2 protein chains.
Amino acid sequence: MHAKVVIGPRVRKSPFFDDTIAAGADQFTIYNHMYMPSGFGDPLGDYWQLINSVAMWDVSCERQVQLSGPDAGQLADYLSTRDLLNCEIGIGKYAPMTNYLGYLINDPVAQRIEEDVYWLSIADNDQLFAAQAVAAERGLRVEVSEPDVSPLAIQGPKSFDVAATLLGDWVRDLRYFHFRASEIEGIPLIVARSGWSKQGGFELYLRDGKRGHDLWQLVKEAGAPYGIKAGNPNAIERIESGLVNFGSDNDDCTDPFEMGLDAFIDLDNDRDFIGKKPLLEIAKRGPKRGRVGLFLDGAPLAGNEQKYPIEQNGKVVGLLNAHTFSPRLERNIAIALLNREIPDDGLSAALPDGRRNVQVTTLPFI
Amino acid sequence: MHAKVVIGPRVRKSPFFDDTIAAGADQFTIYNHMYMPSGFGDPLGDYWQLINSVAMWDVSCERQVQLSGPDAGQLADYLSTRDLLNCEIGIGKYAPMTNYLGYLINDPVAQRIEEDVYWLSIADNDQLFAAQAVAAERGLRVEVSEPDVSPLAIQGPKSFDVAATLLGDWVRDLRYFHFRASEIEGIPLIVARSGWSKQGGFELYLRDGKRGHDLWQLVKEAGAPYGIKAGNPNAIERIESGLVNFGSDNDDCTDPFEMGLDAFIDLDNDRDFIGKKPLLEIAKRGPKRGRVGLFLDGAPLAGNEQKYPIEQNGKVVGLLNAHTFSPRLERNIAIALLNREIPDDGLSAALPDGRRNVQVTTLPFI
């Protein structure tokens, strides 16, 4: 279906907003109270651009929760399932957050920017207020705020050439999830080898919103010889690559073990963190559901407007959370949360154009 | 500008979503992670419908933070600038929330539903996580959750007839901000005399999302003799009426005194609440800015896509947060945050079509 989005004063505009409009953005979502471009008129073209070349994405809406002060590390660690006490400056960590019941409530990348400054680059909800509450109620010496930081992503195989043109050849050697403070023509940045695709790339964390237009233009110019185009986080590629889309791939009572995030839950030490107790219990009994891949039969699937129940013998046994037609696999694929300990066969989902059989597989697809 | 909104599985759909599409919703925003209709193709028609007749609005995105348990009242009270310890069952209270610095972070209506159950009907941000953090860190005996509750508003002078048809004549005597548990054809509701307009009306808090379509159809049928139409919270009327639009009318460091919410800040007793200490200081020194009305000269203003600085002698002295052309006043009007203790004259704002002179006035306009 097609509907317009209201552009109004209640929702924030990114520092790159006008540039994305000029570049042809004609579709938006709202993420962390900010407009995020999510279409430039050619979804399939955008996909191949990311796979074969290089795209620039306005992901300013990845807002940072900044923890600043002598107890910043202690607070970051308490908010995350991941051990962040021993977080090195310059190396980002994927750091899931759970609530007091052990359910996943966000999945930021945590970056220790300075000795006493941590950033949590959060998915779409307001962990700022909760972090402020925890800090105040526990009497921690830490200021919790949202800094003037707006990431611009450069993604795709040619992103290395573009980043090297902008920043110098050192950036080619930056390891995955590592980052470094830098600048381009006086524009202050954190440069991270990261991004929400598996095609390689960088995120330029702009540290001065007033320079948004300048940074956009510099990236556009540096990228021109490599055919860079404006785009947005790609729904097709992320399903192929099995990347987590918080809010899509989970519900309000999904634990991180169900999401397959075991590697990011540090239970085997003395540290305390929100949700530790229930997570210890879940670790013992095992998660009830699992995040899996699905193949769907039938004609290529188009739009993906909602979630669908997965059924087996007339019983709901899971939720199909996101689907797409994979241009590289030439198959319909999906990401689902499926009950464990059920037989693998006889699964189906009623999509708007009819019921489809589904086959379970592992993630990622590619 | 016109851009499409993505309809996808990451953002929630209201129980009335399909009915609003069928009724012609062609414009949406996203509010509390849920699509909210914000246009049906005829903004001016929608305005006069609200002023002269009756409109039905899907405001499911007014999500509830439910506090349940023996310490629910204590937590509600601690989260709010308002004294909620002595909150009667059946009478809603506008209950601003501030952070630990005394800045406004939400402005819910609080309703005590049962002895040990409070609802905070929140504006667009996730106070749920913060309330859970406060409850856990303070060791309060209270469960904090988002219940299956989705308000449907009936607003306008004929809303009383529609509500009486649906619920019986008792509803005509329900006082402003009072509410009562009720049902229509087995659909469980909280019926409140409230809503985000000054044209009179009700909010039906649907307590079973599966009955969304049924409730929508019943309201539509009951309203048919009165000419009811599907609409949405009205940007023109709310500016005329001076209603607060959280996120539009404030920024990240606006205190509730600046917003003119003095009547809802209970400082003169022993109760402790988040932000009390800084608010005591602000109360002593006086707020730095004030929420005021403005008249703008020149041709009727059209769309309102952003905020604009207000200038005086080349200096920024405030922010024009929302503007509209008022069909009833036949003037351009706006809501602003303006520095105090500046002369009233020589104020202007640079809008996209040129600089406009502005005159300060009090709220509401009508």
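Basis for what follows: all heavy atoms, side chains included, without hydrogens, waters or symmetry-related copies. Per chain, numbering begins at 1; letters A, B, ... match sequence-line order. This is a predicted model, so every value here is computed, not measured.
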Measuring heavy-atom distances to chain B, does A/Y100 have an atom under 4.5 Å in its side chain, in its backbone, in both, or in neither? side chain

Other residues, nucleotides and ligands only: do more than 12 of their heavy atoms fall within 6.0 Å of CG on B/D42? yes

CA sep, side-chain torsions, deciding dist, call: A/D77, A/F273, side-chain contact (heavy atoms from CB on, under 4.5 Å): CA-CA 7 Å; A/D77 187 64; A/F273 63 89; 5.5 Å; no

Chain B heavy atoms under 4.5 Å from A/I21: which part of the residue, side chain, backbone, both or neither? side chain

Under a 4.5 Å heavy-atom cutoff, which of B/I105, B/D124, B/N99, B/N321 has the most pairs with chain A? B/D124

Can you name the nearest heavy-atom pair linking B/A133 to A/A133, along with the distance? CB-CB, 4.3 Å

I need the residue from A/E137, A/E146, A/Q127 with the largest number of non-hydrogen atom pairs under 4.5 Å to chain B. A/E137

Under 4.0 Å between a Lys/Arg side-chain N and an Asp/Glu carboxylate O for B/D272 and B/K277? no

Looking only at B/N245, B/V134, B/N32, the option with the highest number of non-hydrogen pairs under 4.5 Å against chain A is B/N245

Walk me through whether B/R289 and B/D251 qualify under salt bridge (Lys or Arg N to Asp or Glu O under 4.0 Å). CA-CA 12 Å; B/R289 302 175 293 179; B/D251 57 23; 2.9 Å; yes

So which residue, A/V11, A/L128, A/T29, A/N304, ends up with the most heavy-atom pairs under 4.5 Å with chain B? A/N304

Just give me the residue among A/Y308, A/F246, A/Y78 that pairs up with chain B most often, heavy atom to heavy atom, under 4.5 Å. A/Y78

Distance-only side-chain donor-acceptor flag, A/H213 / A/D18, under 3.5 Å: no

Of A/H2, A/H33, A/K307, A/Q132, the largest count of non-hydrogen pairs under 4.5 angstrom with chain B goes to A/H33

